[in-house]
Amino acid sequence: MDAVVQTNEQLFEILITGILTQGYAYADDFLNHTEVQAILEASSRSFEQGGFSIAGIGKKQHYQLNQNIRGDHIQWLDHHNPPLACLPFFDRLQEMIRYFNRNLYLGLRDMELHFAVYPEGTFYKRHLDVFQHTRARKISVICYLNFDWVPEDGGQLRIYLPQEDGTEQQVDLLPLAGRLVCFNSQSLEHEVLPARRRRYSITGWLKDEQPLFTPPLPGSY
Ligand code: OGA
Ligand code: MN
């Protein structure tokens with residue numbers, strides 16, 4: 001059987017529909033394996049060389065480290081000057097922002113992105129990606145970089161979906177190489193279950209404000 005070839009526009013349309021109807025969506029093969037391999041190498045090299053910091057929670061004066069809440073290490077990326085390996089990913093995200101703006105009128109104007117590494121045994125407890133001072137975050141995007149990840153490796157992204165009858169539904173997604181998940185940053189709570197092997201991702205937020213002049217603190221949320 002012929003492989004189904006999907007254009008970027010079809011891909012973005014699937015993501016938009018998911019976000020509008022259920023608050024989240026995901027696409028496998030957002031990146032192909034060659035692209036993932038290159039980003040994974042760049043991220044793991046930088047991690048080994050000490051380029052990451054332990055992630056915290058809150059911004060600026062609200063910033064704190066708390067490894068009972070999250071145990072990942074992160075490295076912020078400059079999207080005006082991304083690591084070479086990340087260019088295909090950044091380009092596709094820019095295209096996605098243009099498509100979302102044309103079709104969803106979200107007014108997305110900026111993004112912030114970081115590499116994330118969850119060492120074995122770490123997690124990120126249930127949370128929302130916006131606080132009062134980070135209202136600009138509209139859509140969270142996470143692309144995973146882990147080959148041969150199986151359910152026994154843990155590290156699922158668990159999304160909590162409020163239902164109309166007041167109950168809550170959970171969706172668990174494995175952090176599979178090339179998979180992109182995006183969801184409404186303002187409304188959907190989620191967590192990362194404990195990872196039983198080192199878990200790599202590139203995580204970001206599409207925002208509706210111009211960049212702030214102050215860069216985020218090293219390692220800050
Ligand atoms: C985050 C987050 C989820 C994931 O960094 O805020 O929720 O699957 N990450 O890595
Ligand atoms: Mn989050």
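The chain is numbered in sequence order, starting from 1.
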Indicate yes or no: at least one non-hydrogen side-chain atom of [X] is less than 4.5 angstrom from one of [Y].
X      : Y      : result
Leu157 : Leu174 : no
Tyr99  : Asn103 : yes
Met111 : Leu93  : yes
Leu180 : Asp28  : no
Phe100 : Ile139 : yes
His73  : Ser53  : no
Asp129 : His190 : yes

So that I can tick it off, tell me whether [Y] and [X] are bridged by a salt bridge, with the cut-off set at under 4.0 angstrom between side-chain N and carboxylate O.
X      : Y      : value
Asp172 : Arg158 : yes
Arg197 : Glu120 : no
Glu48  : Arg198 : yes
Arg126 : Glu168 : yes

Neighbour count above 12 (heavy atom, 6.0 Å) for Phe47 CZ: yes

Straight-line distance of Leu31 CG to Asp29 CG, nearest 0.5 Å: 9.0 Å

Spatial distance of atom CG (Asn68) from atom CZ (Arg70) [nearest 0.5 Å]: 13.5 Å

Audit row: Tyr24, Phe183, ring pair (Phe, Tyr, Trp, His ring centres under 6.0 Å) steps and yes/no: CA-CA 4 Å; Tyr24 82 100; Phe183 54 87; 8.3 Å; no

Measure across [X] and [Y] and return the closest heavy-atom pair with its distance rounded to 0.1 Å.
X      : Y      : result
Trp149 : Gly155 : CZ2-CA, 4.2 Å
Gln22  : Leu161 : O-CD2, 3.6 Å
Gly23  : Leu188 : O-CD1, 3.4 Å
Ser185 : Val130 : O-CG2, 3.6 Å
Arg196 : Pro151 : NH1-O, 4.2 Å

Residues forming a salt bridge (charged side-chain N to carboxylate O under 4.0 Å, His left out) with Asp78, sequence neighbours excluded: none

For Gln37, side chain to side chain contact (heavy atoms under 4.5 Å, CB included) partners two or more places apart: Glu41, Phe147

Evaluation steps, side chain to side chain contact (heavy atoms under 4.5 Å, CB included), between His127 and Ile69: CA-CA 9 Å; His127 66 281; Ile69 296 178; 6.0 Å; no

Test salt bridge (Lys or Arg N to Asp or Glu O under 4.0 Å) applied to Glu189 and Lys125, step by step: CA-CA 10 Å; Glu189 296 194 356; Lys125 287 274 174 67; over 6 Å; no

Transitive ILVMFWY side-chain link Leu20 to Leu11, under 4.5 Å: yes

Stepwise side chain to side chain contact (heavy atoms under 4.5 Å, CB included) check, Phe52 with Val117: CA-CA 9 Å; Phe52 282 55; Val117 170; 3.6 Å; yes

Charged tip of Arg199 within 45° of Tyr144 ring normal and under 6.0 Å: no

Check against side chain to side chain contact (heavy atoms under 4.5 Å, CB included), Ile202 and Ile142: CA-CA 6 Å; Ile202 185 164; Ile142 307 150; over 6 Å; no

